[in-house]
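By convention in this document, chain letters (A, B, ...) are assigned in the order of the sequence lines, proteins followed by strands, and residues within each chain are numbered from 1.
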There are 2 protein chains.
Amino acid sequence: MNLRELSEILGLSQTTVSRALNGYPEVAEETRRRVREAATTYNYHPNNRARSLATGRSMSIGHVIPVSTQHEIVNPIFTDFISGAGEAYAAAGYDLTLKMVSDGDEDEVYRDLANRGSVDGVIVHGPRVDDRRIAMLSELGLPFVVHGRATGSTREYSWLDVNNRRAFYRATSFLIDFGHRRIGLINGIETMDFATRRRTGYREALEEAGIVPCPELIAHGEMTERHGYASARQMLNDAMPPTAFVVASVICAIGVRRAVQELGLIVGRDVSIVIYDDDLSYFKSGDDIPVFTAVRSSVREAGRNAANMLLDIIAGTGDAPRQRLMEAELTVGSSTGPAPDLAPHRQRG
Amino acid sequence: MNLRELSEILGLSQTTVSRALNGYPEVAEETRRRVREAATTYNYHPNNRARSLATGRSMSIGHVIPVSTQHEIVNPIFTDFISGAGEAYAAAGYDLTLKMVSDGDEDEVYRDLANRGSVDGVIVHGPRVDDRRIAMLSELGLPFVVHGRATGSTREYSWLDVNNRRAFYRATSFLIDFGHRRIGLINGIETMDFATRRRTGYREALEEAGIVPCPELIAHGEMTERHGYASARQMLNDAMPPTAFVVASVICAIGVRRAVQELGLIVGRDVSIVIYDDDLSYFKSGDDIPVFTAVRSSVREAGRNAANMLLDIIAGTGDAPRQRLMEAELTVGSSTGPAPDLAPHRQRG
DNA sequence: TTGAAAGCGGTACCAT
DNA sequence: ATGGTACCGCTTTCAA
């Protein structure tokens with residue numbers, strides 16, 4: 001059933017039927033009622049492609065997810081983020097076009113999206129330090145919002161980010177306040193922008209307390225159990241081992257804990273662990289971590305916010321780039337027991 | 001730059017230009033060369049929407065992911081599956097439209113997708129036992145492939161699945177062969193079709209060995225650490241505790257291990273654990289599991305296969321429903337130590 | 001308040 | 001081998 005058929009049945013013009021269905025004010029209420037009824041009866045649904053062609057808007061937003069060929073993990077936080085964004089799109093009648101793209105081909109994917117008009121805007125995921133995609137998208141004229149930020153980009157652009165620097169500043173300060181002086185940082189991949197911000201927050205906290213950051217106590221890598229294990233193991237074997245860790249993901253923390261245990265140390269007594277993770281849903285507030293502090297933010301909400309930001313931009317409600325920094329939530333305690341004593345227990349040597 | 005403009009520049013008709021660009025044989029090679037060159041020079045890209053309207057194909061595939069409102073977890077295997085499917089789509093010039101949809105609205109989403117012609121086919125994710133979506137999609141006439149199966153559906157339909165029954169049959173038999181008689185099953189949510197198949201495989205292995213399956217040794221739930229912990233804990237506190245567990249996810253297994261340890265038992269000595277997981281990439285072959293057997297299959301490959309299956313169906317290369325069962329891969333050993341002795345160590349009581 | 005008709009940017013049939 | 005033209009299904013001026 002298409003518009004022409006429906007209008008013929010009703011004995012009205014396509015114009016009127018279209019207007020009635022799209023809520024134009026000049027249609028008589030009685031006519032509108034008839035049209036709506038007929039649309040339901042005959043199960044009429046406007047064809048998306050035709051509408052898109054006529055209006056020039058595709059009513060779809062692109063999400064481009066970099067899938068690294070080296071790092072086999074597709075970050076699950078994308079899933080939550082997108083799920084939040086999806087809600088916003090559904091409410092606004094937009095579709096979501098997903099592009100998983102391996103490292104090299106990214107530019108082309110964006111160009112293609114813009115050139116072929118398959119989407120009205122894009123959300124950029126996983127920005128790297130000094131990400132060149134931002135300049136490219138600005139030039140393409142395709143509206144976009146970055147999930148995260150790209151340090152070093154000279155242009156203005158729209159983004160939504162969690163305050164990673166602040167979260168890690170707080171997590172580190174938290175440990176320092178308990179008396180820790182040697183604190184290891186198990187961080188993400190160094191080229192990712194969020195990892196550099198986290199490191200900055202960590203460093204700031206140390207420096208503020210008069211502690212000189214020590215390169216051996218900072219590890220970068222993919223967020224896996226193995227990375228947590230290997231990094232912690234190495235740090236703990238050092239002449240001056242850390243008494244605490246700030247860990248950038250729950251999964252990593254599991255590895256850290258294993259390393260600690262293998263050395264005959266006890267988590268929460270000999271070594272304290274503070275975890276940051278964008279999403280702890282798998283662990284229901286860190287069930288598996290006997291001693292922990294979780295700094296958490298709602299990824300789903302971030303997705304919804306970013307999507308709405310982009311829809312606003314597309315609607316042209318304003319031209320200036322929009323920025324939004326979400327603060328992370330700090331939770332202290334363990335769901336499996338009493339709140340841990342985070343003070344360094346004794347000096348080992 | 002659109003087709004009309006390009007053809008005017010070239011002094012050719014739109015028809016010829018279109019044919020040249022789309023590889024029709026009747027175009028003179030010299031003409032084709034000129035056209036291609038001009039297309040590059042003027043950065044011409046055909047508009048997707050217009051093409052879709054003209055051809056009647058949207059060149060997009062829908063993936064509908066059920067996002068349960070109760071269970072806050074979005075299964076990360078979707079991510080890998082979709083990433084594999086994305087490769088297939090990219091190669092075939094298709095887009096991927098993603099719909100994350102909460103329980104209630106599913107029907108409407110499929111109807112909408114079909115009615116508005118936004119996609120040429122869909123992949124159905126997370127089928128439940130006797131899933132009504134299959135009947136609905138058949139009636140809608142929208143080509144679809146199910147990732148998994150729906151027991152109880154009377155119709156023929158296309159699907160791609162991992163042989164869950166067989167994987168759990170093997171995992172269970174494996175433990176039985178080592179002498180275990182009381183084996184706990186930590187399974188997924190009961191209404192999910194894959195969970196019932198897994199349970200069937202587990203039961204078959206037991207029955208074949210003359211062991212009567214015991215309801216207290218079967219736990220269903222969301223695949224979280226908490227579920228693994230709580231279920232294992234309860235089973236181990238029973239008068240007749242299990243000497244081994246078959247666990248349906250790595251995350252669950254972490255909880256199982258915690259439960260075992262809390263009771264002063266030792267994994268690999270007092271209690272054996274066999275894990276099945278669709279994707280172990282987070283753990284790099286189960287780093288964190290000192291004793292394990294992983295039955296693993298490549299989710300990404302499954303996604304690619306399912307996508308190609310659907311594209312075949314759409315291309316009409318055949319009309320009969322296609323089915324494909326992928327066998328899981330069995331790995332025995334631990335990356336963190338020697339292959340474990342899986343025999344039950346001693347009788348506790 | 002309603003309708004006629006000109007697009008939107010391609011594809012594909014029918015001529016030549 | 002190339003061109004003319006009628007669509008595809010909807011939106012949107014302009015006219016009545």
Practice problem: Using the salt bridge (Lys or Arg N to Asp or Glu O under 4.0 Å) rule, take A:Glu30 and A:Arg33 through it: C-alpha gap first, then chi angles, then the decisive distance, then the call. | Solution: CA-CA 5 Å; A:Glu30 165 59 13; A:Arg33 200 195 49 69; 3.2 Å; yes
Self-check item: Annotated protein contacts, base or backbone, on nucleotides 8-16 of chain D with a non-hydrogen cut-off under 4.0 Å, one of B, S, - each
Solution: BBBBBB---
Exercise. Starting at atom CZ of B:Arg32, determine the distance to atom P of D:dA1, rounded to an integer number of angstrom.
Key: 10 Å
Quiz item: Side chains of A:Arg116 and B:Arg49: closer than 4.5 Å at any heavy-atom pair?
Solution: no
Practice problem: Rounded off to whole Å, could you give me the CD-to-P distance for the B:Glu26 and C:dT11 pair? | Solution: 13 Å
Practice problem: Select base, sugar-phosphate, or nothing to describe what B:Gly11 touches, counting heavy atoms under 4.0 Å on all strands. | Solution: sugar-phosphate
Quiz item: Which value, rounded to the nearest 0.5 Å, describes the distance between A:Leu310 atom CG and A:Tyr94 atom OH?
Solution: 8.5 Å
Quiz item: Atom CZ of B:Arg34 and atom C1' of D:dT2: how far apart are they, to the nearest Å?
Solution: 12 Å
Quiz item: Angle class for the A:His147/A:Phe81 ring planes (parallel below 30°, perpendicular above 60°, tilted otherwise)?
Solution: parallel
Quiz item: A:Ser52 near the nucleic acid: base, sugar-phosphate alone, or nothing, with a heavy-atom cut-off under 4.0 Å?
Solution: nothing
Quiz prompt | A:Glu106 side, atom CD; A:Asp131 side, atom CG - distance, nearest 0.5 Å | solution = 7.0 Å
Self-check item: Minimum heavy-atom distance between A:Arg32 and A:Ala20, given as atom pair plus value
Solution: NH1-O, 2.9 Å
Quiz item: Expressed in angstrom and rounded to an integer, what is the separation of B:Glu8 atom CD from D:dT2 atom P?
Solution: 18 Å
Quiz item: Would you say A:Thr16 reaches C:dT1's phosphate, i.e. side-chain N/O to OP1/OP2 under 4.0 Å?
Solution: no
